[in-house]
Amino acid sequence: QLQLMESGGGLVQPGGSLRLSCTASGFVLDNYAIAWFRQAPGKEREGILCSNGSGTITNYADSVKGRFTVSRDGAENTAYLHLNSLKPEDTGVYYCATKWWLINCPRRLPYGMDYWGKGTLVTVSS
């Protein structure tokens, strides 16, 4: 019943920007912390950012600091990941995730997230 669905991925040139969406169903998104992960081909999944319903943001990856940020639209029950100044190494599948009654972002990821979207592919290439 608790479901997440990512969208918004695609092909973008280096230096470009993209906005990914994570739409929740079966629960009120603003009651939950939502974490964002990415997985490059052949690499382990990496936690990058998380936000709670109050707008507190936690960054877990120095590689995206200053380039990526997150936001929410409570009315649309949707969280957003804003990708800016994209680099080829940002290529990968991006996921949103949460855990049952995860109210605030954990100090570290992955924190045993048990609800995941299917991911959306971001390809950064010229």
Side-chain angles (χ1 to χ4, degrees):
Q1 185 168 309
L2 193 157
Q3 294 181 319
L4 299 170
M5 183 176 68
E6 305 93 342
S7 63
L11 176 64
V12 62
Q13 295 184 0
S17 299
L18 214 56
R19 186 184 72 171
L20 308 182
S21 299
C22 173
T23 299
S25 60
F27 68 103
V28 177
L29 183 144
D30 278 346
N31 289 337
Y32 283 78
I34 299 294
W36 290 89
F37 297 77
R38 67 182 181 182
Q39 188 167 25
K43 297 187 180 295
E44 295 183 355
R45 188 148 35 197
E46 173 191 28
I48 48 177
L49 285 163
C50 178
S51 68
N52 67 13
S54 298
T56 301
I57 299 170
T58 303
N59 181 280
Y60 303 93
D62 289 340
S63 61
V64 308
K65 186 167 59 178
R67 299 190 299 119
F68 296 1
T69 192
V70 294
S71 65
R72 296 182 178 219
D73 185 336
E76 297 295 327
N77 221 35
T78 298
Y80 300 99
L81 175 63
H82 305 267
L83 314 176
N84 301 305
S85 301
L86 283 162
K87 304 174 181 179
E89 54 263 42
D90 295 319
T91 294
V93 179
Y94 285 71
Y95 302 87
C96 58
T98 193
K99 185 177 178 68
W100 183 241
W101 284 118
L102 182 67
I103 306 302
N104 294 309
C105 296
R107 186 171 61 87
R108 298 177 65 185
L109 292 179
Y111 199 65
M113 303 294 178
D114 51 13
Y115 295 96
W116 297 81
K118 295 186 182 298
T120 186
L121 176 63
V122 173
T123 302
V124 184
S125 176
S126 59

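All figures in this text were calculated on a predicted structure; none of them were measured in a lab. By convention here, the first residue in the shown sequence is residue 1.
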For [X] and [Y], indicate whether the former's side chain and the latter's backbone hold a donor-acceptor pair under 3.5 Å.
| X | Y | value |
| --- | --- | --- |
| T123 | G10 | no |
| E6 | C96 | yes |
| T120 | G9 | yes |

Rounded distance [0.5 Å steps], [atom1] in [X] versus [atom2] in [Y]:
| X | Y | atom1 | atom2 | value |
| --- | --- | --- | --- | --- |
| Y115 | L4 | OH | CG | 10.0 Å |
| T91 | L86 | OG1 | CG | 8.5 Å |
| D73 | L29 | CG | CG | 9.5 Å |
| N52 | I57 | CG | CD1 | 9.0 Å |
| K43 | R38 | NZ | CZ | 10.5 Å |
| W36 | L81 | CH2 | CG | 5.0 Å |

Just to verify, what does [X] make a salt bridge (charged side-chain N to carboxylate O under 4.0 Å, His left out) with, not counting sequence neighbours?
| X | value |
| --- | --- |
| K65 | D62 |
| R67 | D90 |
| R72 | D30 |

Of all the heavy-atom pairs spanning [X] and [Y], show the shortest one and how long it is.
| X | Y | value |
| --- | --- | --- |
| H82 | S71 | NE2-OG, 2.7 Å |
| A61 | E46 | CB-OE2, 3.7 Å |
| S51 | C105 | N-SG, 3.2 Å |
| I103 | N31 | CD1-O, 3.2 Å |

Less than 4.5 Å apart, any side-chain heavy atom of [X] and any of [Y]?
| X | Y | answer |
| --- | --- | --- |
| N59 | V64 | yes |
| Q13 | S125 | no |
| V70 | Y80 | no |

field: Nonpolar side-chain network containing L109, other nodes, edges under 4.5 Å
entry: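 F37, Y60, V93, Y95, L102, Y111, M113, W116, L121, listed by chain and number.
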
message: Restricting to ring-ring contact (aromatic ring centres under 6.0 Å, His included), what partner residues turn up for W101, sequence neighbours left out?
response: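 ring-ring contact (aromatic ring centres under 6.0 Å, His included) check on W101 returns Y32.
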
field: ILVMFWY network linking V122 to M5, side-chain heavy atoms under 4.5 angstrom
entry: no

Tell me which donor-acceptor pairs under 3.5 Å the side chains of residues 14-27 have, and how far apart each pair is, sequence neighbours excluded?
residue : atom : partner : partner atom : Å
S17     : OG   : N84     : OD1          : 3.1
T23     : OG1  : T78     : OG1          : 3.2
S25     : OG   : Q3      : OE1          : 3.4

task: Give a yes or no on whether E89 atom CD has more than 12 heavy-atom contacts from other residues, nucleotides or ligands under 6.0 Å away.
output: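 Atom CD in E89 is crowded, with more than 12 foreign heavy atoms closer than 6.0 Å.
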
